[in-house]
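Ligands are counted one by one from 1 in listed order, and the atoms in each one are counted from 1 as well. Only a predicted model underlies this, so the values are computations on that prediction, with no experimental measurement involved.
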Amino acid sequence: MAGSGRLAGKVCLVMGGGSSHPEGGFSNGQACAITYAREGARVVVADLREEAAAATVAEIARRGGEATATACDVTKSDEVKAVVDTIVDTHGRLDVLHNNVGIEQLGSAIDTPEEAWDRVHEVNIKSVFLAAKHAVPVMAAQGGGSIINISSTASLRWGGVSFLAYNSSKAALNHMSRIIAREHAGAKVRVNVVIPGMIDTPHIRTLYKHLSPDELADKLMERDAKCPMGRQGTCWDVANAALFFASDDAAYVTGAQLLVDGGLSI
Ligand SMILES: NC(=O)c1ccc[n+]([C@@H]2O[C@H](COP(=O)([O-])OP(=O)(O)OC[C@H]3O[C@@H](n4cnc5c(N)ncnc54)[C@H](O)[C@@H]3O)[C@@H](O)[C@H]2O)c1
């Protein structure tokens, strides 16, 4: 791996570091885990599906990096605690917590089922609260750490399609991140948010799986055209922003929200 050692000596936990659709390129979570390892971190990849975490770890190993895989449902407090405890037992510290997990649900206030609303908020926002609950004490005790939360421009603006529960959960994530940042700034636990715009990931392509190859190509061109820079973002654009927050280059940066949207939200 040809990194510059920006995370040398650090231990990083990536929640949701697998890919929900492993064919067709890397997910945001995978790109972040690979980038952290490339920069010298020891990475723990956690995912609901252990095989998804293992696939990311295999990719990191193939590139010469160091990572381990673990199963974890981020909505279960005991499972999140167990992952954090194991990291502390194994590595003696936890420097970076990266919360990537996010699910969406189509629907407006009228047609979003109540259970779906609850599930989206449980997965997208309660999970980040639980991870902070268990990771912040470890980070505070060791003299600091960095928490990186993956939001979306859906937290800021109407995106043209009804995703009310997703919009709401990501907006809550932005503000919760600032409050956690403020509360633990004195302990040097930094909390920052990456706000991706339209990113061309395998998961996004599955939203269009009903389309023919030609129709899919048209749809992707349409998405590119909606972006002021003329292209969708890539998982590496997200990972590069996350790397800044993870590294000591961001030692005095907390409570920030970094748009990675090619100007989409302007
Ligand atoms: N692609 C885009 O256009 C875009 C835009 C803005 C924001 N985002 C955000 O990016 C993040 C996801 O990106 P991705 O490409 O990695 O998606 P992905 O769906 O490929 O990966 C998410 C991973 O999370 C795992 N997961 C799901 N539920 C879980 C749970 N309860 N516990 C543990 N793991 C769980 C899945 O198994 C999967 O491996 C989300 O937060 C999403 O909101 C994406």
- Message: Between the side chains of D249 and R6, is the shortest nitrogen-to-carboxylate-oxygen separation below 4.0 Å, so that they form an ion pair?
- Response: yes
- Message: Classify the ring geometry of Y166 against F163: parallel below 30°, tilted from 30° to 60°, perpendicular beyond 60°.
- Response: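 Rings of Y166 and F163: perpendicular, as their planes differ by over 60°.
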- Query: Going by the angle between their ring planes, with limits at 30° and 60°, are H21 and H203 parallel, tilted or perpendicular?
  - Reply: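 H21 vs H203 ring planes: parallel.
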- Item | Proximal protein residues to ligand 1, non-hydrogen atoms under 4.0 angstrom |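 Residues G16, G18, S19, S20, S27, N28, G29, D47, L48, R49, C72, D73, V74, N100, V101, G102, I150, S151, S152, Y166, K170, P196, G197, I199, T201, H203, I204, R223 each place a heavy atom under 4.0 Å from ligand 1, listed by chain and number.
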- Quick one: side-chain contact (heavy atoms from CB on, under 4.5 Å) partners of D224, sequence neighbours excluded?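 Result, side-chain contact (heavy atoms from CB on, under 4.5 Å) vs D224: R231, Q232.
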Which atom pairs, one a donor and one an acceptor, fall under 3.5 Å between side chains of residues 189-198 and the rest of the protein, sequence neighbours left out?
residue: R190; atom: NE; partner: A250; partner atom: O; Å: 3.3
residue: R190; atom: NH1; partner: F245; partner atom: O; Å: 3.0
residue: R190; atom: NH1; partner: A250; partner atom: O; Å: 2.9
residue: R190; atom: NH1; partner: V253; partner atom: O; Å: 3.3
residue: R190; atom: NH2; partner: F245; partner atom: O; Å: 2.8
residue: R190; atom: NH2; partner: S247; partner atom: O; Å: 3.4
residue: N192; atom: OD1; partner: G255; partner atom: N; Å: 3.2
residue: N192; atom: OD1; partner: A256; partner atom: N; Å: 2.9
residue: N192; atom: ND2; partner: V253; partner atom: O; Å: 2.9

- Message: For K81, give me all partners under salt bridge (Lys or Arg N to Asp or Glu O under 4.0 Å), at least two apart in sequence or on another chain.
- Response: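 Residues passing salt bridge (Lys or Arg N to Asp or Glu O under 4.0 Å) with K81: D85.
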